[in-house]
Amino acid sequence: MRWSQTFIPTMKEVPSDAEVPSHQLMLRAGLIRQLMAGAYTFMPLGYRVVRKVSQIVREEMDRAGGVELFMPAIQPIELFERTGRKEAFGNVLFNLEAKRGDRNLQFALGPTHEEVITDLVSREIKSYKQLPITMYQIQTKFRNEERPRFGVLRTSEFLMKDAYSFGASIQQLNEAYDAMYNAYCRIFERCGLEYIPVEAESGPIGGDASHEFMAPADNGEDFVVRCSGCEYAANQERADTGRSSSIPPAVNDAADPRKVDTPRAGTIEDVSKMLSADPATFIKTLIYSVSNGDPDESSDENIPPKTVAVLVRGDHEVNEGKVRRALGASRLELANEATIEELTGAPVGFAGPVGIQCDYVADHDVALIKSAITGANEKDAHLTGVIPGTHFELTETHDLRNAIADDPCPRCDGTLETVHGIEVGHVFKLGTKYSESLNAVFLDREEQKHPIIMGCYGIGVSRVVAAIVETCHDDGGIIWPESVAPYTVELIPLNIKDEETMTTANRIYDELSAGGIDVLMDDRDQRPGFKFKDADLIGLPVRVIIGGKGLKEGNAEIKLRTDSQATKVPIGEACDYVRRIVSAG
RNA sequence: CGGGACGUGGCUCAGCCUGGUAGAGCGCUGCACUGGGGGUGCAGAGGUCGCAAGUUCAAAUCUUGUCGUCCCGACCA
């Protein structure tokens with residue numbers, strides 16, 4: 001491709017509303033343009049990358065036994081009502097209405113396709129003989145994000161590869177899951193993207209039923225916790241802390257806690273400043289409203305929610321998923337102010353475990369505090385010298401908080417560290433959630449009906465592109481891995497008005513192109529420095545310079561994007577040289 | 001959805017506080033020079049100052065509302 005014949009609008013200045021490197025670089029390199037918040041055009045150069053990533057995904061899906069299909073983006077809302085996800089998605093689901101004659105039709109724009117494909121399978125698959133099968137598509141997904149951000153990393157409309165496996169047994173599910181897991185590893189490897197597979201929230205199946213693939217990046221929205229000593233890695237939502245229960249013995253002759261005035265200090269930060277005390281010596285007491293019962297039964301509306309206090313160390317964060325599991329609760333939310341005032345007799349911010357009038361659960365680390373500061377259940381007052389197990393009862397502790405750096409590893413004697421990550425893929429053992437609600441069943445050998453056992457597997461294709469830019473760049477611009485680069489070679493004739501330069505450049509362009517190498521020739525009438533800057537910005541792996549001093553000596557100058565110095569290669573051997581370094585890469 | 005910031009030519013921004021002629025650099029068009037890291041000169045084009053209402057003799061500037069964009073947080077199968 002000749003630069004003058006395509007459309008690559010580069011920018012010298014950083015657009016003011018782009019904050020993270022991938023967003024800035026994708027705009028500056030002319031890969032994307034914004035239409036509105038959360039919606040971007042992929043420009044010719046950017047779309048070539050999307051297609052290269054898609055092709056890698058496709059090849060690996062096929063290799064893993066998947067078959068490709070293509071489903072509609074508009075979907076009847078009724079399917080989401082049947083699976084209960086109309087409510088679960090809430091505002092994230094794009095609803096749309098259309099008139100046909102005098103009927104008002106209700107649609108959703110597909111945020112994902114579990115409903116559509118399960119509906120399809122429920123009609124077409126009847127026998128264990130048709131199973132297992134894994135189907136996938138690469139298609140635009142629509143989610144009305146509350147806050148789209150970071151360019152193409154989080155948008156309301158994005159390109160996703162979604163795959164769904166259907167099996168007659170847990171074993172078939174596990175085989176499909178493992179095949180997808182391995183395919184994902186190959187995909188990210190081939191894309192040149194560093195990745196960490198992490199354990200993720202796994203829902204009803206439990207165990208190792210879900211992994212996310214995280215690309216480590218400072219601007220990632222997710223927190224990954226990983227062990228420095230072993231392979232353990234998990235989403236922070238999910239990570240175990242490796243702490244174990246230890247119940248402190250009651251101290252018999254302990255002094256009573258002392259009440260101190262803490263006027264208007266309702267946060268740990270305020271109180272720790274006021275008392276010059278380390279937040280790690282506080283017991284944070286959060287009051288939750290908890291509903292028990294089966295989440296799928298709507299009858300639990302009648303059971304009034306219970307109030308439970310959750311105790312964690314002052315510098316720790318409660319992990320609601322862990323609390324929910326520890327309590328066997330189906331629903332959990334922070335209690336409202338009125339409930340808290342009624343319970344503790346104090347406004348929010350002054351709750352504590354001593355004398356509190358409700359059940360409570362404590363995190364392991366609470367038991368390890370020798371002498372704690374807690375709320376006094378009284379306005380503008382805290383207690384100091386509170387000894388867990390002595391001043392309030394403590395017979396068991398749980399893992400209730402987010403793991404943080406320096407926590408012990410749950411698997412080995414190493415310690416944990418946290419890194420930011422971009423979630424680029426997710427594999428998930430669904431089980432029978434959708435097959436049951438949409439009646440996708442099969443008959444086994446004994447003519448017994450069973451719901452089909454499903455898995456789902458997603459890769460955010462457009463997000464992968466952004467993640468690659470986010471992790472592969474330097475001060476000058478993008479550094480594309482060869483596998484996904486929009487073109488492999490940038491050919492730069494230094495002066496397009498020089499006849500010898502252009503004759504030579506055109507010959508090399510033709511020869512490389514004929515050999516199947518993607519070449520972009522910068523045939524714009526610009527000065528060399530201008531072209532070099534743009535070349536660094538758009539980041540093609542190989543740069544070939546024709547003209548000037550080099551040409552006079554009979555040489556082309558060839559340089560990898562990652563090299564600092566060019567290599568002089570005789571014009572006649574330039575194409576061979578390029579072919580060699582390209583195939584070696 | 002809570003909190004914050006910003007909307008002035010295609011891009012980056014100044015002007016606003018203290019009301020009175022709309023500016024700079026880059027980019028764009030033409031010509032000339034130049035030709036190895038975003039060059040130089042000359043001549044041009046291009047702006048309802050996001051939109052609306054209000055105050056005023058007069059509003060980019062003050063007030064109110066509204067829309068848009070970005071950031072932090074909550075949320076995210």
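Labels below follow one simple rule: chain letters A, B, ... track the order of the sequence lines, proteins then strands, and each chain is numbered from 1. The analysis underlying the following values was restricted to heavy atoms, covering all of them including side chains, and did not include hydrogens, waters or symmetry mates.
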*Apply side chain to side chain contact (heavy atoms under 4.5 Å, CB included) to A/Pro347 and list each qualifying residue two or more places apart in sequence or on a separate chain.*
A/Phe350, A/Lys379

*Between B/G35, B/G36, B/C11, which one does the side chain of A/Met11 approach most closely?*
B/C11

*side chain to side chain contact (heavy atoms under 4.5 Å, CB included) partner of A/Val578, the single match among A/Ile508, A/Val519, A/Ile558*: A/Ile558

*Provide the distance between the two C1' atoms, one in B/G7 and one in B/U66, to the nearest whole Å.*
13 Å

_Under a 3.5 Å cut-off for both contacts, is B/G38 paired Watson-Crick or G-U wobble with anything, and if yes, with which nucleotide?_
none

_Distance in angstrom units between A/Asp522 CG and B/G38 P, rounded_ = 15 Å

*When the P atoms of B/A32 and B/C51 are considered, how many whole Å apart are they?*
40 Å

*By side chain to side chain contact (heavy atoms under 4.5 Å, CB included), which residues pair with A/Val116, not counting sequence neighbours?*
A/Met71, A/Pro72, A/Gln75, A/Leu79, A/His113

*So which nucleotide does B/U48 pair with, by the Watson-Crick or G-U wobble rule with both distances under 3.5 Å?*
none

*Could you work out the separation of B/C49 and B/C16 based on their C1' atoms and round it to a whole Å?*
11 Å

*Pairing partner of B/G68 (Watson-Crick or G-U wobble, both distances under 3.5 Å)*: B/C6

*asked:* Rounding to an integer number of angstrom, what distance separates B/A59 and B/U8 when you compare their C1' atoms?
replied: 14 Å

*Identified pairing partner of B/C1, criterion: Watson-Crick or G-U wobble below 3.5 Å*: B/G73

_Going by side chain to side chain contact (heavy atoms under 4.5 Å, CB included), name the residues that satisfy it together with A/Phe150, two or more places apart in sequence or in a different chain._
A/Val20, A/Leu153, A/Glu221

*Could you list all the salt bridge (charged side-chain N to carboxylate O under 4.0 Å, His left out) pairs where at least one residue sits in residues 10-38 of chain A, not counting sequence neighbours?*
none

*asked:* Distance check, P atoms only: B/A22 and B/C26, in whole angstrom units.
replied: 23 Å

*Salt-bridge criterion met for A/Asp363 and A/Arg313 (N-O under 4.0 Å)*: no

Please list, pair by pair, any protein nitrogen or oxygen found under 3.5 Å from a nitrogen or oxygen in nucleotides 68-71 of chain B.
from, atom 1, to, atom 2, distance (Å)
B/U69, OP1, A/Ala37, N, 2.9
B/U69, O2', A/Asp17, OD2, 3.0
B/C70, OP1, A/Gln34, NE2, 2.9

_Over 60° means perpendicular and under 30° means parallel, so tell me whether A/Phe80 and A/Phe89 are parallel, tilted or perpendicular._
perpendicular

*Between B/A45 and B/C28, how far apart are the C1' atoms? Round to whole Å, please.*
8 Å

_Need the glycosidic conformation of B/U21: syn if within 90° of 0, anti if not. Which one?_
syn

Result block: side-chain N/O donor-acceptor pairs under 3.5 angstrom for residues 534-541 of chain A, not counting sequence neighbours:
from, atom 1, to, atom 2, distance (Å)
A/Asp534, OD1, A/Thr10, OG1, 3.0
A/Asp534, OD2, A/Thr10, OG1, 3.0
A/Asp534, OD2, A/Arg524, NH1, 3.2
A/Asp534, OD2, A/Arg524, NH2, 2.9
A/Asp536, OD1, A/Arg543, NH1, 3.4

*Take atom CG of A/Asn555 and atom P of B/G36, then tell me their distance rounded to the nearest Å.*
17 Å

_Only pairs with both distances under 3.5 Å count, Watson-Crick or wobble alike; so what is the partner of B/G19 in this structure?_
none

*By nearest nucleotide on RNA chain B, pick out whichever of A/Glu145 and A/Gly529 is the more 5' one.*
A/Gly529

*Checking all strands, does A/Gly550 fall into the base, sugar-phosphate, or nothing category for heavy-atom contacts under 4.0 angstrom?*
base

_Rounded interatomic separation in angstrom, taking CG from A/Leu494 and P from B/G39_ = 15 Å

*Decide yes or no, distance alone: a donor-acceptor N/O pair under 3.5 angstrom between the base of B/G37 and the side-chain of A/Lys531.*
no

*Start at the 5' end of RNA chain B and walk down; is the nucleotide closest to A/Phe89 or to A/Glu557 reached first?*
A/Glu557

_Regarding A/Gly547, tell me which of base, sugar-phosphate or nothing describes its non-hydrogen contacts under 4.0 Å with the strands shown._
base

_Are A/His211 and A/Tyr457, when compared by the centres of their aromatic rings, separated by less than 6.0 Å?_
no

*Once you round it to whole Å, what is the distance between P of B/A77 and OH of A/Tyr457?*
18 Å

_B/C70 to B/G30 separation - C1' atoms, rounded to the nearest Å_ = 39 Å

*For atom C1', what is the distance between B/G47 and B/G9, given to the nearest Å?*
5 Å

*Could you give all pairs that pass the side chain to side chain donor-acceptor pair (under 3.5 Å) test and reach residues 559-572 of chain A, with sequence neighbours left out?*
A/Asp474-A/Arg561

*asked:* Could you tell me how far apart A/Asp525 (CG) and B/G39 (P) are, to the nearest whole angstrom?
replied: 13 Å

_Given the structure, check if the side chain of A/Asp498 and the base of B/G35 hold any donor-acceptor pair shorter than 3.5 Å._
no

*Should the pair A/Phe223 and A/His420 be assigned to parallel (<30°), tilted (30 to 60°) or perpendicular (>60°) ring geometry?*
tilted

_Suppose we define a pair by two distances each less than 3.5 Å, Watson-Crick or G-U wobble; what does B/G54 pair with here?_
B/C62

*asked:* Within the 4.0 Å heavy-atom criterion, would you say A/Arg463 contacts the bases, only the backbone, or no part of the nucleic acid?
replied: nothing

_Across nucleotides 22-28 of chain B, 5' to 3', mark each nucleotide with B, S or - according to how protein heavy atoms within less than 4.0 Å reach it._
---B---

*Let me know the distance between NZ of A/Lys549 and C1' of B/G37, rounded to the nearest Å.*
11 Å

*Among B/G38, B/C75, B/A77, which is the nearest nucleotide to the side chain of A/Thr10?*
B/G38

*Nucleotide opposite B/U29 in a Watson-Crick or G-U pair, distances under 3.5 Å*: B/A43

*Who pairs with A/Glu115 by salt bridge (charged side-chain N to carboxylate O under 4.0 Å, His left out), at least two apart in sequence or on another chain?*
A/Arg85

*Just how far, in rounded Å, is P of B/C75 from CG of A/Asn91?*
15 Å

*Quickly work out the A/Arg28 CZ to B/G38 P distance and round it to whole Å.*
14 Å

